[in-house]
Number of protein chains: 2
Amino acid sequence: MRATVKDVARRAGVSPKTVSNVMNGIIPVSGATRTKVEQAILELDYVPNLSARGLRNGRSGVIALALPDLGTPYSAEIAHHIVEVAHEQGWIVQIEETGSDPKRERELMVRARSNLIDGLILNPVVLDESAVRVGVALPPVVLLGEVTQSLADRVFVDSAAAARDMTLALAQPGRRRIAVLGTTQGRGSAAAIQRTQGYEEALVILGIERDESLLIPCEKWTPQTAADALTAYLGSHPLPEALFCFTDSMAIGALSVLWKRGLRIPEDIAVAGFDDIADGRYAVPSLTTVSFDKRAIASEALRLLTERMADRGHEQRVVSLHYSIVERDSSRS
Amino acid sequence: MRATVKDVARRAGVSPKTVSNVMNGIIPVSGATRTKVEQAILELDYVPNLSARGLRNGRSGVIALALPDLGTPYSAEIAHHIVEVAHEQGWIVQIEETGSDPKRERELMVRARSNLIDGLILNPVVLDESAVRVGVALPPVVLLGEVTQSLADRVFVDSAAAARDMTLALAQPGRRRIAVLGTTQGRGSAAAIQRTQGYEEALVILGIERDESLLIPCEKWTPQTAADALTAYLGSHPLPEALFCFTDSMAIGALSVLWKRGLRIPEDIAVAGFDDIADGRYAVPSLTTVSFDKRAIASEALRLLTERMADRGHEQRVVSLHYSIVERDSSRS
DNA sequence: CCAACAACTGTGAGCGCTAACAACACCCTT
DNA sequence: AAGGGTGTTGTTAGCGCTCACAGTTGTTGG
């Protein structure tokens with residue numbers, strides 16, 4: 001049987017509360033007593049039962065992170081940073097994939113209310129359907145990424161502005177036929193909408209007329225779907241001068257297609273992505289992208305979350321992070 | 001204040017135990033009572049407190065997954081599948097990065113003993129230093145990947161055999177100067193040792209004399225380090241006919257270097273990787289690799305873990321998974 | 001009609017921990 | 001010498017849940 005506070009207390013000749021005081025270190029304990037207790041803890045190999053502590057304190061020290069798909073490089077990098085930052089601050093991270101399924105977001109909300117997690121960092125996909133709703137008593141939640149409604153604290157990058165700047169950068173050497181890959185039909189993700197919008201803003205600035213045929217739809221943002229969409233597109237359209245993919249993952253799929261067709265990049269067509277995932281740097285050719293500090297996303301998200309946990313009442317907070325256009329070989333002329 | 005079993009019981013006009021029976025569904029409850037209780041649960045928006053349940057039951061329904069670095073594509077894919085499979089079976093997954101730091105593996109062991117997690121899936125890196133030791137009372141643990149000692153249940157792919165087969169495949173069209181990228185000096189990871197060994201086995205089979213200068217060391221298996229190592233190597237060595245990288249990530253770094261030097265792949269040099277990560281398919285050119293079923297790894301690991309949790313006493317179990325050599329453009333002549 | 005049984009529901013206790021409070025020793029002030 | 005800190009430790013209680021067991025009903029067969 002595992003040792004409990006009682007056992008430790010008995011062995012150290014003190015009360016259970018004193019053992020607890022030693023463990024938690026808030027209420028002062030004299031040196032001698034502390035030593036005795038620590039000795040007893042070592043001898044009995046005592047480990048506190050966190051379920052019991054959680055029950056008593058109403059807090060578990062665990063936060064949940066929900067991402068659409070952990071397997072994608074972007075999500076993986078975000079998860080990496082969140083886990084790291086959380087660990088530094090003593091939080092344990094529970095992970096959940098929502099697979100863009102609102103049901104699973106809802107499950108998480110329930111779990112948050114079941115005292116198993118103290119807070120939730122959520123990267124929603126389609127928010128209309130999202131479990132995060134006005135009016136419902138939310139656990140402390142921080143949203144990651146582009147979201148149209150303002151339902152909870154939030155950390156994001158101004159996608160529209162970034163897409164605009166990227167389009168402008170691609171147009172720099174006189175390119176005018178700039179295609180985008182990743183637009184969605186109907187109600188798409190907020191990211192798709194904003195990036196499309198930024199692209200269109202840039203066209204206005206550049207005095208280029210909007211050409212519907214340069215919007216290449218791609219609902220799911222994976223290399224596979226991007227490759228398929230681009231292949232289909234090239235079968236029936238002339239080659240654009242530049243291709244702005246709404247994520248690096250899609251750009252990697254696109255590069256693979258273009259290369260197989262023997263096209264030279266960036267001479268025949270410039271390519272850019274969005275997210276600055278690690279692999280983009282080693283793409284062939286290295287990928288021009290919208291870059292931002294993912295570790296900052298993690299630490300800001302955690303900051304907002306802990307502040308929210310400390311004070312449920314305050315105003316909603318929104319943090320916008322800087323981005324930069326990183327030009328690499330895929331667009332450098 | 002949140003509703004408790006008591007509140008639900010009062011409202012439904014039954015005892016707390018009956019509510020518990022309805023929730024857990026093991027002890028039969030009559031239809032009428034069940035309906036009343038479910039009604040009350042809905043009305044009060046009752047959510048059970050999992051900390052309390054965990055305290056009472058001694059189990060939390062949470063397992064932990066520990067990986068060296070979540071940000072790498074391989075780890076991310078493994079994590080993805082484990083989270084998915086665990087979710088299907090009703091497990092919650094806590095995630096931890098060990099960053100190859102044995103201290104963090106040890107922390108996890110402690111947490112397992114603190115009743116916060118029921119079991120642990122661990123992908124260790126250097127096991128000599130690992131927290132998993134003989135003699136120590138382990139929580140239910142399943143090890144992922146190559147490991148020399150047999151300390152716990154384990155799921156792995158026979159790296160040595162796979163490396164041997166890959167080397168043989170690369171040698172097929174008469175290539176003889178086959179380099180490997182990723183060997184380590186001194187005590188390296190078990191994976192590095194086994195893959196090197198498999199390569200050397202193949203050389204013996206092929207009747208090719210071992211050439212020390214074809215072993216390109218690279219301690220950390222990332223695209224960056226691989227690119228650096230290969231760049232340095234090519235500065236002072238002639239170009240090999242083939243390059244077998246010990247991971248796909250390294251291969252992607254290597255491809256980037258080779259491409260920048262204007263080398264044609266596979267004509268000038270064939271390249272292969274290991275792990276079959278998603279991006280390898282979209283590498284330029286698409287990457288020949290050792291492939292295996294990562295979802296099977298996940299489900300086997302979970303199976304071993306749940307079996308171990310059910311019966312702590314049984315013999316150690318080891319599951320070896322199939323692999324296959326997938327030839328893509330980077331080696332196809 | 002009653003015993004015997006099944007099917008269901010209630011009672012009491014306690015999992016391990018820590019908050020609030022009480023108690024005590026000890027020192028310093030007045 | 002009494003009063004009032006100050007610092008440390010003990011006592012009591014209960015967080016919300018479910019187990020073991022006891023109790024209650026309904027159902028069947030003799």
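On a predicted model such as this, the values are computed, not experimentally measured, just so you know. Naming: A, B, ... by sequence-line order, numbering from 1 per chain.
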Trainee: Would you indicate, yes or no, if dG10(C) has its OP1 or OP2 atom less than 4.0 angstrom from a side-chain nitrogen or oxygen of Ser15(B)?
Mentor: yes
Trainee: For Lys17(A) and dA13(D), give me the distance from atom NZ to atom P, rounded to whole Å.
Mentor: 16 Å
Trainee: Any side-chain to backbone donor/acceptor pair from Ser299(A) onto Arg295(A)? Under 3.5 Å, distance only.
Mentor: yes
Trainee: Could you check how far NZ of Lys6(B) sits from C1' of dC15(D), rounded to whole Å?
Mentor: 10 Å
Trainee: Please state how far atom CG in Asn21(A) lies from atom P in dT8(D), giving the value in whole angstrom units.
Mentor: 11 Å
Trainee: Taking only heavy atoms on the protein side, list every residue of residues 42-57 of chain A lying under 4.0 Å from any atom of DNA chain D, sorted numerically.
Mentor: Leu55(A), Arg56(A)
Trainee: From the options dC17(C), dG10(D), dT9(C), select the nucleotide whose nearest atom is closest to the side chain of Val5(A).
Mentor: dC17(C)
Trainee: Using atom types as modelled and distance alone, determine if a side-chain donor or acceptor of Glu77(A) lies under 3.5 Å from a backbone N or O of Ala278(A).
Mentor: yes
Trainee: Short question: side chain of Arg308(A), backbone of His314(A) - any donor-acceptor pair under 3.5 Å?
Mentor: yes
Trainee: Would you say the side-chain atoms of Asp153(B) pair up with the backbone N or O of Arg317(B), donor to acceptor, closer than 3.5 Å?
Mentor: yes
Trainee: Quick one: Arg59(B) CZ to dC17(D) C1', roughly how many Å, whole number?
Mentor: 13 Å
Trainee: Return no unless some side-chain N or O of Thr18(A) is found under 4.0 Å from OP1 or OP2 of dG10(D).
Mentor: yes
Trainee: Answer yes or no: is there a donor N or O on one side and an acceptor on the other, between the side chain of Asp69(A) and the main chain of Gly99(A), under 3.5 Å?
Mentor: no
Trainee: Taking the side chain from Ser60(A) and the backbone from Leu116(A), do they hold a donor-acceptor pair closer than 3.5 Å?
Mentor: yes
Trainee: Using OP1 and OP2 only, check whether a side-chain N or O of Ser20(A) sits under 4.0 Å from dT18(C).
Mentor: yes
Trainee: Round to a whole Å and report the spacing from CE of Met23(B) to C1' of dC19(D).
Mentor: 17 Å
Trainee: Arg10(A) CZ to dT9(D) P: how many Å, rounded?
Mentor: 19 Å
